[in-house]
Amino acid sequence: MGKYDNDVKRLLELVGGKENIQAVSHCMTRMRFVLIDPKKADEKAIEDLPSVKGTFTQAGQYQVIIGNDVSVFYNEFTKYAGIEGVSKDAVKAAAKTNQNIAQKIMGTLGEIFAPLIPALICGGLVLGFRNVIGEINFFNNGTQSLADISQFWSGMYNFLWLIGEAVFHLLPVGIVWSITKKMGTTQILGIILGLTLVSSQLLNGFSVSSTPADEIPVWDFGFFQVEMIGYQGQVIAAMMAGFVLVYLEKFFKKICPEVISMIVVPFCSLVPAVIIAHTIVGPIGWTIGNAIGDVVYAGLTSDFRFLFAAVFGLLYAPLVMTGLHHMTNAIDSQLLNTPAKSTILWPMIALSNIAQGSSVLAMSVLQKKNERAQQINVPACISCYLGVTEPALFGVNLKYVFPLVCGMIGSCCAAMISVGFGVEALSIGVGGLPGILSIKPEYWGLFLLAMAVAIIVPFTLTFIVGRIKLSKEDRFGKENAAPAIEAAEGAEAVETAQAADRTDSAAAVSNTGASDVKELKSILDGKVIPIEEAPDDVFSQKIMGDGVAIEPANTVVTAPADCDVSVVMADTGHACGLTLPNGVELLIHVGVDTVDMGGDGFKLLVNEGDHVKAGQKLIEFDPEKIKAAGHPCTTMLIMTAEGSAANIRMHSGMDAKAGETTVISWD
């Protein structure tokens, strides 16, 4: 009989049976299913299985979080179900077949913009700071800004535009690069094509509308002329040019002999792509982009703007869950390219972030005694208020439904205020509460009013509805709800629970003597950050357990203490599980989604069952390959089981030295 016999049988039943499984694989912590009909999966019942720590759906895959024992669980599951496991790439390919055309388009759009989001956020913060020091007249009776009265701040105001211009004016470079990266073609060619769209030789795209037609410079080829127009800030034109380059390169790679491909393919791909970009797809993309921006702007400024705002505010959160929200990045960027150089759309997005975060805040208050729920609620609320809504939407609001709806209502009300009063943003990327930094200073008061509505309405509605709809188990957790019920039924059950507690305490005292390990040393050189900041929801929400994350400055992972290697990912080499003598179980995971790399860039230096000493090498990795594959190198050290450790403390916010700096300690 297998270790997970009962859970394996139940999971197969709850995912809709063998006939509903198109493909299945696993990584270090999760079972990864591609289901023929995802609706057949009973998510709530699956999450109630003892061995399951959580579930979520991503990129067409239904992922069930098991933990360090996932390989054992996977083997038992495939054996019982009579299913052959497949590679991670096969699962990803199968997942794509589950998507319709719209989902594939939005998925592609999302993958193009995802690598650009950090730059957009940084650029938005920079421009927001410029607003504060150069656009708001705090001094001399409201006639001068900080930059007006201080040479230092005047210099800083001008200097920061260096970053703002690079992010927003030169955005086509990033877009074309991201397209080539996503499509697997030569990225440097994409960068060069992007640079030809924003070259200083061209008339700046933001100056085209104010330049008379007869003063626009041209390339004169004798029998025809091409306008020398730059595409600064243009999104659609850059995307079209990028795909032209991609498909030209793929075509010439296919037909060109390998011996001359290094010479022929780049030349025959890049030169025609640049010509087509400036003569055909650039002007077409410019027209389409401006048309989209004009339509949206007209809707936001028309007599029906309240209705437009209400619908957008109500539906933006569901758009995020489908991936369709990535289209708004393109629209927002396009609006910033209009003569107004501002957008009315972005403030509504920031308000939607706040509204969903306020629903989670109410859930956190309602579930303050539910420790397991709080491990998800608190970091999800923080990330939502900072502009990242996925943890809140998928981890909390969608799970209970009513917080999602309450957040949508609050977002709807706030959006109507924002659009009704014409609140405008000068940049995009900064969402949630910091979103006010991107707002034009003259609209700060109105935006604060809309923010108040986005906080109060969802919080109040969620709190009221939650008091009615949440069960005792939902509010207090299984551990706290059960004793309350037992106490109502009689003292005998309470005495039984107390006896069990005494037994557990005695065992803990006994185990403590097994080892004097009281701390874990850093597994890498680098910056130690709180696990809540890890760029993966499973880790940041502490679904696998608490711990720390490290931004590595070296390339060798070492053991944090004397321990046994309990599990390894032999085929990918990106993760391993450790067990200390006192029962503490650890997970080391190098990078995020690095399982997709299939072991390329990783070298596992230990085997399952090995006993290792503190500081012994466990994993070598190539950070450049990880980054080239589009993954963060952030490495997690997680306590998946606490053993006899008590009063555990996580140490972060410092630069660590592998084998020397303490990152986790306990009594």
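Worth knowing before you read on, the calculation uses all heavy atoms, side chains too, and leaves out hydrogens, waters and symmetry mates.
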Next item on the list: Could you check E47, R30, Q63 and say which one makes a side chain to side chain donor-acceptor pair (under 3.5 Å) with T55?
Entry: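 The single option meeting the side chain to side chain donor-acceptor pair (under 3.5 Å) with T55 is E47.
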Next item on the list: For K79, enumerate each residue passing the side-chain contact (heavy atoms from CB on, under 4.5 Å) test, keeping only those at least two apart in sequence or located in another chain.
Entry: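 Expected list: none.
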Item checked: Contacts of L49 that satisfy side-chain contact (heavy atoms from CB on, under 4.5 Å) - sequence neighbours left out ->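 side-chain contact (heavy atoms from CB on, under 4.5 Å) check on L49 returns D7, R10, L11, L14, V52.
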Interatomic spacing from [atom1] in [X] to [atom2] in [Y] - rounded to 0.5 Å:
X: I588; Y: I523; atom1: CD1; atom2: CD1; value: 4.5 Å
X: I46; Y: M31; atom1: CD1; atom2: CE; value: 10.5 Å
X: T594; Y: I626; atom1: OG1; atom2: CD1; value: 6.0 Å
X: T555; Y: F621; atom1: OG1; atom2: CZ; value: 6.0 Å
X: Q356; Y: N397; atom1: CD; atom2: CG; value: 5.0 Å
X: I664; Y: I638; atom1: CD1; atom2: CD1; value: 7.5 Å

Do any N or O atoms from the side chain of [X] and from the backbone of [Y] form a donor-acceptor pair under 3.5 angstrom?
X: N554; Y: D525; value: yes
X: S178; Y: I175; value: no
X: H631; Y: V592; value: yes
X: S359; Y: P403; value: yes
X: T635; Y: C633; value: yes
X: H589; Y: L637; value: no
X: T186; Y: I188; value: no
X: S150; Y: A147; value: no

Between the side chains of [X] and [Y], is a donor N or O closer than 3.5 angstrom to an acceptor N or O?
X: S25; Y: Y74; answer: no
X: T634; Y: E551; answer: yes
X: T662; Y: K521; answer: yes

Does some side-chain heavy atom of [Y] sit less than 4.5 Å from a side-chain heavy atom of [X]?
X: H574; Y: V595; result: yes
X: L578; Y: P560; result: yes
X: H651; Y: S665; result: yes
X: L433; Y: M451; result: yes
X: S522; Y: I550; result: yes
X: N607; Y: V568; result: no
X: D571; Y: M569; result: yes
X: I354; Y: Y385; result: yes

Closest non-hydrogen atom pair between [X] and [Y], with its separation:
X: V584; Y: A645; value: CG2-CB, 3.9 Å
X: F73; Y: S51; value: CE1-OG, 3.4 Å
X: R130; Y: Y157; value: NE-O, 2.8 Å
X: G547; Y: I531; value: O-CB, 3.3 Å
X: Q616; Y: V612; value: OE1-CA, 3.4 Å
X: V176; Y: G190; value: CG1-O, 3.2 Å

Next item on the list: Decide side-chain contact (heavy atoms from CB on, under 4.5 Å) for L605 and L618; before the verdict, give the C-alpha distance in whole Å, the side-chain angles of both, and the deciding distance to 0.1 Å.
Entry: CA-CA 5 Å; L605 304 176; L618 303 177; 5.8 Å; no
Notebook entry, point to check: Yes or no on side-chain contact (heavy atoms from CB on, under 4.5 Å) for E642 and I648, after CA distance, side-chain angles and deciding distance?
Noted result: CA-CA 9 Å; E642 297 175 0; I648 300 168; 3.5 Å; yes
Next item on the list: List for me each residue that meets side chain to side chain donor-acceptor pair (under 3.5 Å) alongside S352, sequence neighbours excluded, and say none if there are none.
Entry: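 Not a single residue meets the side chain to side chain donor-acceptor pair (under 3.5 Å) criterion with S352.
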Margin query: The criterion is side chain to side chain donor-acceptor pair (under 3.5 Å); which residues satisfy it with Q374, sequence neighbours excluded?
Written below: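 Q374 satisfies side chain to side chain donor-acceptor pair (under 3.5 Å) with S364, N377 once adjacent residues are dropped.
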Next item on the list: Enumerate the residue pairs fulfilling salt bridge (Lys or Arg N to Asp or Glu O under 4.0 Å) with a member in residues 646-656, sequence neighbours excluded, ordered by first and then second residue.
Entry: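 Every pair satisfying salt bridge (Lys or Arg N to Asp or Glu O under 4.0 Å) with a residue in residues 646-656: R649-D667.
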Next item on the list: Walk me through it: do S652 and I529 pass the test side-chain contact (heavy atoms from CB on, under 4.5 Å)?
Entry: CA-CA 5 Å; S652 60; I529 61 175; 5.6 Å; no
Next item on the list: Could you please spell out the steps behind the side-chain contact (heavy atoms from CB on, under 4.5 Å) verdict for M639 and D546?
Entry: CA-CA 6 Å; M639 296 182 71; D546 206 350; 5.7 Å; no
Next item on the list: Kindly write out the residues that satisfy salt bridge (charged side-chain N to carboxylate O under 4.0 Å, His left out) with D622, not counting sequence neighbours, or none if the list is empty.
Entry: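 Checked D622 against salt bridge (charged side-chain N to carboxylate O under 4.0 Å, His left out); zero matches.
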